[in-house]
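In what follows, a single structure is set out as structure tokens and then discussed.
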Amino acid sequence: MSTSSIKPDAVEAAVAVAGDTPSKSLDVPPATTRAAHASVMGASAREGGDPAPSRTIAHEGSADRAARAPAANPGAGIDYELFLDCVHCGLCTASCPTYLELGDENDSPRGRIYLMRSVTDGRLAPTAEVRRHLELCLDCRACETACPSGVQYGKLIEPFRIALESQGEARGRTDDWFHRLILFGLFTNPRRLRRALAPARVAQRLGLIRLAESLGLLRVLPGRLRQLVTMLPPPTRQQRALPAFLAAKGRRRARVALFTGCVADVMFRGTHWATARVLQENGCDVMVQHDQVCCGAIHFHAGSSAPARELADHNVRAFDASSVDAVIVNVAGCGSMLKDYGHHWHDEAAPGREALAGKVRDISEFLDELGLVAPEGPMPMVATYHDACHLGHAQRVREAPRRLLAKVPELKLVDLPETEICCGAAGTYNLTEPEMAARLSHRKLDNILRTGARAVLTGNAGCLLQIAREARQRGEPLWIAHPIDLLDLSYRRSKPPC
Ligand code: SF4
Ligand code: SF4
């Protein structure tokens, strides 16, 4: 079904899509999906209201909605105007990875906004089916980039999912052993994660994980743990921790703090070193606060807001925002979370969070604004660049990395088809929704191979792991790295990596 056949501003059209599109559904049957929409439409008709949401139509006040809606209304804390920004034009659907894969309107941005609004209005119960459509959203925010009406989708889905998570039966989703022990207990604590990974690293060095994978023995592991094991990057030499201070080379142009995070500090410490060296080359004093903690994105995106807020407040204390020109982040997911500290929570500590958020810059954004000192080492290779969702869509940093890479001598950067479509990593989505994540990483690698590039550059740890695993499993010997790794090699006049 072509999106051009969808009439603007018409929910009937949305229902038609849900009804006649062959749904390549994961585990929500099309009949159920249609029923969900039918229930929305039925309720609307009964109330005699125009089901087509539009700013020109009078809407009931929030007090009316609160009176009619169930007590624990997951949309109660959301500014209702944000729902009304969506005029149902459908221009976002072609950018939505889940819609592209499933062809189901309820798994599109427009459909999800309508589901959330209907639940908020009390016209639709937050059934397991409704929750499933919302859970399947990657929160990649590609719909925000595509939307001509400026819909702030992240400000709808994130608080809505957090509110749903706090309710009865949904709570089980993040109150299980995997979330408690692995995602919240291990991932957010680099020291614990490093210790826990030590046996896996030994097994990797001995080739046992590859062997177990090829013999299908990993199937005995629980699904999410199996995903985790296959995601491990190849073992590299253990890098020592960054010192608390690294001085600028030459004239000092800026004083910055480096955010090292949790998982990234265990898996990508080499990239942290590269980032610090490139900053030094560009005249920056670099400080590394050793009492900094996880940004809180893992908790927040799993719907656990309170622990995320505690981590945020710890970081506000660890980084004295007033003492630096910028707080530099090289992981798009963390950067996006840190930049959002200011609007996630509204309490007396909000000004401190806003001050920190205001200083956060992605490394490519910062160097582009500062004016890159051109590196001189030639890198005669063909590379392509994948826009990490939390950099391109959430932070709207798209051209800066490309401008930096254009300054690397002899590097040929080729366009990646569907660069704006998520690779399936999406924070911990690849662990919690492995089937959809696998479809998307397969699609991503197909597009990469189409370019003929042998190097893939992207500014997010999750994307690096996801694309690298897909390439490994399909036997494609690609060099997959952060753009800053390549800049660092060029500054150091090292040999091209491929
Ligand atoms: S989210 Fe934006 S692009 Fe998508 S249907 Fe609504 S208004 Fe149109
Ligand atoms: S955030 Fe991504 S997956 Fe979710 S509705 Fe928007 S485009 Fe689709």
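Keep in mind that this is a model prediction, so the values were computed, not measured. We count ligands from 1, going down the list as the structure has it; atoms in each ligand are counted the same way.
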Atom indices of ligand 1 within 4.0 angstrom of H88 heavy atoms, with elements: 5 (S), 6 (Fe)

Just by distance, with hydrogens left out, do Y80 and D121 show a side-chain donor and acceptor under 3.5 Å apart? yes

Among all protein heavy atoms in this structure, tell me which lies nearest to atom 5 (S) of ligand 1, with the distance rounded to 0.1 Å. G90 N, 3.1 Å

Looking at every non-hydrogen atom in both residues, tell me the closest pair between R161 and E135 and how far apart they are. NH1-O, 3.6 Å

Looking at R454 and E476, is any side-chain nitrogen of the basic one under 4.0 Å from a carboxylate oxygen of the acidic one? yes

For atom 2 (Fe) of ligand 1, what's the nearest protein heavy atom and its distance? C147 SG, 2.3 Å

If we ignore angles and hydrogens, is there a donor and acceptor under 3.5 Å between the side chains of H343 and R353? no

Less than 4.0 angstrom from a charged side-chain N to a carboxylate O is my criterion; do E433 and R439 meet it? no

Going from CD on Q466 to OH on Y429, what distance comes out if it is rounded to the nearest 0.5 angstrom? 10.5 Å

Which protein N, O or S atoms does atom 8 (Fe) of ligand 2 have within a distance shorter than 2.8 Å? C96 SG

Near P148 (heavy-atom distance under 4.0 Å), the atoms of ligand 1 are 3 (S)

Answer yes or no: does atom CG of D415 have more than 12 heavy-atom neighbours from other residues, nucleotides or ligands under 6.0 Å? no

Is it the case that the side chains of R472 and T230 hold a donor-acceptor pair, with the cut-off being a distance below 3.5 Å and no angle test? no

Atoms of ligand 2 less than 4.0 Å from R141 heavy atoms? 1 (S), 2 (Fe)

G150 heavy atom under 4.0 Å from ligand 1: no

Which residue holds the protein heavy atom closest to atom 6 (Fe) of ligand 1, what is that atom called, and what is the gap in Å? C86 SG, 2.4 Å

heavy-atom search around atom 7 (S) of ligand 1 in the protein gives V87 N, 3.3 Å

Checking a contact table here: which protein heavy atom is nearest atom 8 (Fe) of ligand 1, and how many Å away? C89 SG, 2.3 Å

Polar side chain donor-acceptor pair, H482 to T271, under 3.5 angstrom: no

Would you mind checking if E369 and R361 are paired as a salt bridge, meaning a charged N to carboxylate O distance below 4.0 Å? yes

Would you say the side chains of T458 and N460 form a donor-acceptor pair under 3.5 Å? no

Near S149, which atoms of ligand 1 are under 4.0 Å from a heavy atom of that residue? 7 (S)

